[in-house]
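These notes concern the structure reproduced below.
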Amino acid sequence: MDKFTSLTSVAAPLPLVNIDTDMIIPKQFLKTVKRTGLKAGLFYELRTDEDGNPVDFVLDEPAYKEAQILVTGDNFGCGSSREHAPWALLDQGIRCVIAPSFADIFYNNCFKNGILPIALPQEDVDKLMDDAKRGSNAVVSVDLEAQEIKGPDGGTLKFEVDAHRKHCLMNGLDDIGLTFEKSEHIDQFENQRKATQPWL
């Protein structure tokens, strides 16, 4: 998993509430266990008409094509627990999602896949949403170590994050990486067991 320490990027505004995981990545795109190629299905029903033709959508606008930060509405990531949702966001290049609240499973899945989800009071999200609507001038900086967001006008917002999750993101540790951190202790245990219980 890629480390997340700080990020400076254009922020894309998506002012919708209750965006569920089926809206993030519809079920027809869940036929793979690969984490690549999923951006083609990201927000598919918002990006296309009934015939699959492209329609105006914020992440396809020139100003936001390289956006790595998404500012969105309340209860983001509700619905089913599909891990393809953060995979699709990551495949698009999104490394940080800012919203007033998140569904619990989606929130946890973000941390496990190198995405920083930030929950802020509605008034702070509204301010960042207004900033994001400026297009390519909407450069926002996120500093995970300092737990700060700096807007395009230089204003600073503080955010909270669990210390363990912060450690994992800053060091690029998913569940497997956390296990490998204990590899020395695991090796010691296995060697001791081989010596005392060689029949196992």
Side-chain angles (χ1 to χ4, degrees), residues 1-14 16 18-48 52 54-55 57-62 64-73 75-99 101-119 132 140-145 159 161-162 164-183 186:
M1 185 172 82
D2 290 337
K3 295 179 181 180
F4 187 116
T5 53
S6 62
L7 173 65
T8 298
S9 169
V10 169
L14 189 60
L16 299 173
N18 300 319
I19 294 178
D20 64 21
T21 52
D22 190 56
M23 190 180 294
I24 297 171
I25 182 83
K27 59 187 177 301
Q28 64 266 33
F29 296 97
L30 306 184
K31 299 173 183 176
T32 179
V33 292
K34 294 181 180 177
R35 300 184 186 202
T36 57
L38 291 170
K39 68 180 178 180
L42 181 67
F43 299 120
Y44 185 77
E45 293 175 0
L46 296 174
R47 294 174 109 149
T48 61
V55 297
F57 183 70
V58 62
L59 293 177
D60 296 322
E61 295 175 13
Y64 299 110
K65 280 191 173 184
E66 303 300 321
Q68 293 180 279
I69 299 170
L70 185 66
V71 182
T72 188
N75 198 28
F76 188 82
C78 57
S80 70
S81 60
R82 64 191 69 170
E83 198 166 2
H84 291 71
W87 292 355
L89 288 165
L90 201 57
D91 197 44
Q92 175 73 31
I94 302 295
R95 294 295 312 277
C96 178
V97 181
I98 302 170
S101 69
F102 296 88
D104 287 343
I105 295 175
F106 174 83
Y107 185 80
N108 292 332
N109 282 340
C110 281
F111 284 103
K112 291 179 179 181
N113 288 281
I115 296 174
L116 174 62
I118 299 175
V140 173
S141 295
V142 178
D143 185 330
L144 178 54
E145 184 171 10
F159 64 90
V161 63
D162 174 80
H164 174 70
R165 287 171 168 159
K166 178 178 178 177
H167 168 79
C168 290
L169 270 182
M170 292 193 69
N171 292 280
L173 298 172
D174 56 12
D175 289 344
I176 295 172
L178 281 170
T179 302
F180 281 141
E181 276 198 320
K182 307 292 185 185
S183 60
I186 294 168

Here the pair of heavy atoms bringing A99 nearest to G73 is CB-O, 3.4 Å
Do Q68 and I94 touch side chain to side chain, with heavy atoms closer than 4.5 Å?
no
Taking all heavy atoms of A67 and all of A12, pick out the closest pair and write down the distance.
CB-CB, 3.9 Å
Report yes if the side chains of L70 and Q92 come closer than 4.5 Å at any heavy-atom pair, otherwise no.
no
Using a 4.5 Å cut-off on heavy atoms from C-beta on, say whether the side chain of L59 contacts that of L42.
yes
Would a distance-only check, ignoring hydrogens and angles, find a side-chain to backbone donor-acceptor pair under 3.5 Å from R47 to P54?
no
Give me the ring orientation class for F43 and F57: parallel if the planes are under 30° apart, tilted from 30 to 60°, perpendicular past 60°.
tilted
Under the side chain to side chain donor-acceptor pair (under 3.5 Å) definition, can you give me all pairs with a residue in residues 77-87, not counting sequence neighbours?
T21-S80, D22-R82, S80-R82, E83-N113, W87-N113
Is there a side-chain contact between L16 and L46 (heavy atoms, below 4.5 Å)?
yes
Do the side chain of N18 and the main chain of N75 share a donor and acceptor less than 3.5 angstrom apart?
no
Check A88 against I25 and note the closest heavy-atom contact, atom names and distance.
CB-CD1, 4.0 Å
Side chains of L173 and H167 in contact at under 4.5 Å (non-hydrogen atoms):
yes
Is it true that atom CD of Q28 has more than 12 heavy atoms of other residues, nucleotides or ligands lying nearer than 6.0 Å?
yes
Could you tell me which non-hydrogen atom of C96 sits nearest to which non-hydrogen atom of I118, and how far apart they are?
SG-CD1, 3.7 Å
Measure the spacing between CZ of F4 and CG of N171 and express it to the nearest 0.5 Å.
13.5 Å
For the residue pair M1 and K112, what are the closest heavy atoms and their distance?
SD-O, 3.4 Å
Please test R95 against D2 for side chain to side chain contact (heavy atoms under 4.5 Å, CB included), starting from the C-alpha separation and ending with a verdict.
CA-CA 10 Å; R95 294 295 312 277; D2 290 337; 4.1 Å; yes
Is T72 reaching over with its side chain to a backbone N or O of L14, donor-acceptor style, under 3.5 angstrom?
yes
For residues L89 and F106, determine if any side-chain heavy atom of one lies less than 4.5 Å from a side-chain heavy atom of the other.
yes
Reference residue L116; test side chain to side chain contact (heavy atoms under 4.5 Å, CB included); the match among V97, L7, I69, L144
L144
How are the rings of F102 and Y107 set relative to one another: parallel (under 30°), tilted (30 to 60°) or perpendicular (over 60°)?
tilted
All heavy atoms of G52 vs all of Y44, minimum pair found to be CA-OH, 3.7 Å
Taking atom CD as the centre, does E66 end up with more than 12 heavy-atom neighbours from other residues, nucleotides or ligands that are less than 6.0 angstrom away?
no
